[in-house]
Amino acid sequence: MTHETLLSVRELRTWYELRKWGFFRAGYVKALDGVTFDLKRGDAITIVGESGSGKTTLAKTVLGLVPPTQGEMILAGEHLDGQKRGKALAWLRGNVGFVQQDPYAALPPFMTVDRILREPLVINKVSKGDQDARIDAAMGEVRLTPQSDFLHKYPHMLSGGQQQRLVIARAIILQPQLVVADEPVSMLDASVRVEILQLLRRVQETHGLGVIYITHDLSTVRYFSEYVFVMYAGKIVEKAEVRELIHNPLHPYSQALLTAISDPDPDNADTVKEVPAGEPPSLAHPPSGCRFHPRCKHHMPGLCDREEPKSFEPTPGHFAECWLFRQGGTS
Ligand code: SF4
């Protein structure tokens with residue numbers, strides 16, 4: 001498997017305008033505020049954070065559903081920043097698959113499985129013979145088999161797990177280079193969550209896909225990705241390999257998230273449930289300095305509330321934006 005960079009993201013910002021009386025600009029909601037990372041071909045990264053951390057805006061920006069305000073995104077050599085239209089948008093749709101959170105809402109209720117999978121192939125002018133072969137292969141990969149039992153069914157005739165398998169089949173049917181999965185198991189029964197994550201992992205490995213897996217639940221990370229990026233208030237505050245982050249979380253926010261873990265595997269009942277104290281900040285008026293300082297028990301007055309922490313690398317390959325690690329930092 002080649003390990004070249006598939007997606008390069010630099011200082012990405014996606015801000016939403018706030019309007020006063022529907023007319024005057026009253027500021028911005030800085031949903032994504034300076035995010036930088038690389039994803040290598042064949043790797044999966046998990047973006048984890050609470051609601052309001054900016055992780056879904058990151059997904060939407062990479063998918064071309066919202067235009068970035070600033071920054072750079074390059075996928076397989078193609079610049080994705082800027083408003084996408086026409087051929088550029090078609091290229092993006094063909095190269096980035098999307099697995100949505102709610103499979104029932106994501107699937108058109110009036111279309112059969114056959115039509116749902118065939119439509120993107122027709123739009124992309126794939127020949128009839130290839131359409132049938134690709135539908136057969138995609139359904140086989142997600143284990144909607146025997147295919148003939150499912151092709152004529154409508155989404156409401158499928159279980160939640162089968163619906164999400166169909167969403168995954170649709171996401172890979174154009175043979176994309178990257179798949180973005182936004183909370184793909186959060187609406188499923190606990191009994192099928194691990195199964196769907198393992199299926200997604202298998203599909204990723206078979207095709208050497210890059211995957212961005214978005215979740216609020218750190219407990220699912222070990223089933224899936226090589227790297228974890230922790231987001232808070234529009235920024236990535238910690239990056240590390242999965243095992244390293246799970247066993248040695250550095251940022252106080254990551255440590256708090258880890259205490260809130262519950263295992264999605266029904267055989268591993270886990271009882272610890274505690275969320276970081278306080279509320280995520282307003283993204284229209286984020287706190288000065290470190291955005292986590294109002295909730296942080298290690299907050300250093302005069303530093304954390306005044307100066308935004310830089311990215312420090314206390315151990316090789318493990319980065320944290322926190323002043324606790326300024327000794328020996330990279331910046
Ligand atoms: Fe806490 Fe300060 Fe680190 Fe922010 S920079 S996480 S406030 S110790």
Side-chain angles (χ1 to χ4, degrees), residues 9-15 27-38 45-58 70-71 214-219 221-222 225 227-262 272-331:
V9 173
R10 293 287 174 274
E11 286 297 316
L12 194 65
R13 289 182 167 75
T14 304
W15 296 356
Y28 293 95
V29 174
K30 298 176 179 176
L32 206 60
D33 201 19
V35 163
T36 293
F37 68 89
D38 286 326
I45 55 173
T46 296
I47 312 271
V48 69
E50 290 171 287
S51 140
S53 62
K55 58 190 192 306
T56 294
T57 296
L58 175 59
Q70 273 178 24
I214 311 261
T215 183
H216 65 282
D217 183 359
L218 255 177
S219 72
V221 169
R222 66 193 161 90
S225 60
Y227 299 96
V228 190
F229 300 167
V230 181
M231 282 197 76
Y232 186 78
K235 291 180 170 294
I236 293 176
V237 296
E238 185 162 359
K239 296 184 208 174
E241 287 188 11
V242 170
R243 287 180 65 82
E244 167 69 11
L245 190 125
I246 299 286
H247 293 108
N248 184 29
L250 299 178
H251 196 283
Y253 176 62
S254 309
Q255 292 169 358
L257 272 186
L258 271 158
T259 67
I261 275 187
S262 62
V272 182
K273 290 198 195 296
E274 184 189 327
V275 292
E279 296 290 325
S282 156
L283 296 177
H285 305 287
S288 59
C290 170
R291 293 180 179 191
F292 189 58
H293 85 257
R295 302 171 78 183
C296 181
K297 57 186 177 189
H298 303 290
H299 166 207
M300 293 172 271
L303 176 61
C304 297
D305 48 0
R306 289 195 187 160
E307 291 190 49
E308 197 171 320
K310 297 177 173 60
S311 182
F312 300 106
E313 188 180 6
T315 56
H318 192 160
F319 299 86
E321 293 197 2
C322 171
W323 286 121
L324 291 173
F325 304 100
R326 60 193 183 281
Q327 299 298 331
T330 56
S331 313

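We count ligands from 1, going down the list as the structure has it; atoms in each ligand are counted the same way. Given the structure is predicted, the values throughout are model-derived calculations rather than measurements.
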**Fill in**
ligand 1 to His298, heavy atom cutoff 4.0 Å, flagged ligand atoms 8 (S)

**Asked** What's the shortest heavy-atom distance between His318 and Ala240, and which atoms?
**Response** CD2-CB, 3.5 Å

**Prompt:** Which of the numbered atoms in ligand 1 are below 4.0 angstrom from a heavy atom of Leu324?
**Reply:** 8 (S)

**Request:** With heavy atoms of His251 as the reference, note each atom of ligand 1 found under 4.0 Å away.
**Result:** 6 (S)

**Contact check, side chains of Tyr232 and Ser53, non-hydrogen atoms, under 4.5 Å** = no

**Asked** Taking 4.0 angstrom as the limit, do Asp38 and Arg10 come out as a salt bridge?
**Response** yes

**Complete:** Looking only at protein heavy atoms, what sits closest to atom 5 (S) of ligand 1 is Trp323 N, 3.2 Å

**Request:** Flag Cys304 as yes if one of its N/O/S atoms falls below 2.8 Å of atom 2 (Fe) of ligand 1, otherwise no.
**Result:** yes

**Message:** Could you tell me, atom by atom, which parts of ligand 1 come under 4.0 Å of a heavy atom of His293?
**Reply:** 7 (S)

**Request:** For Cys296, take its heavy atoms, then give the atoms of ligand 1 lying under 4.0 Å from any of them.
**Result:** 1 (Fe), 6 (S), 7 (S), 8 (S)

**Item:** Ion pair Lys55/Glu50, N-O distance below 4.0 Å
**Value:** no

**Message:** To check your reading of the model: name the closest protein heavy atom to atom 3 (Fe) of ligand 1, its residue, and the distance in Å.
**Reply:** Cys322 SG, 2.3 Å

**Item:** Pro252 neighbourhood, listing ligand 1 atoms whose heavy-atom distance to it stays under 4.0 Å
**Value:** 6 (S)

**Prompt:** Taking the six-membered ring for Trp, are the ring centroids of Phe37 and Phe229 within less than 6.0 Å of each other?
**Reply:** yes

**Complete:** Note: ligand 1 atoms sitting under 4.0 Å from heavy atoms of Cys290 are 4 (Fe), 5 (S), 6 (S), 7 (S)

**Message:** So which atom in Ala233 and which in Pro281 form the shortest heavy-atom distance, rounded to 0.1 Å?
**Reply:** CB-CG, 3.8 Å

**Message:** Does Phe292 form a side chain to side chain contact (heavy atoms under 4.5 Å, CB included) with His251? I'd like the steps, not just the answer.
**Reply:** CA-CA 10 Å; Phe292 189 58; His251 196 283; 4.1 Å; yes

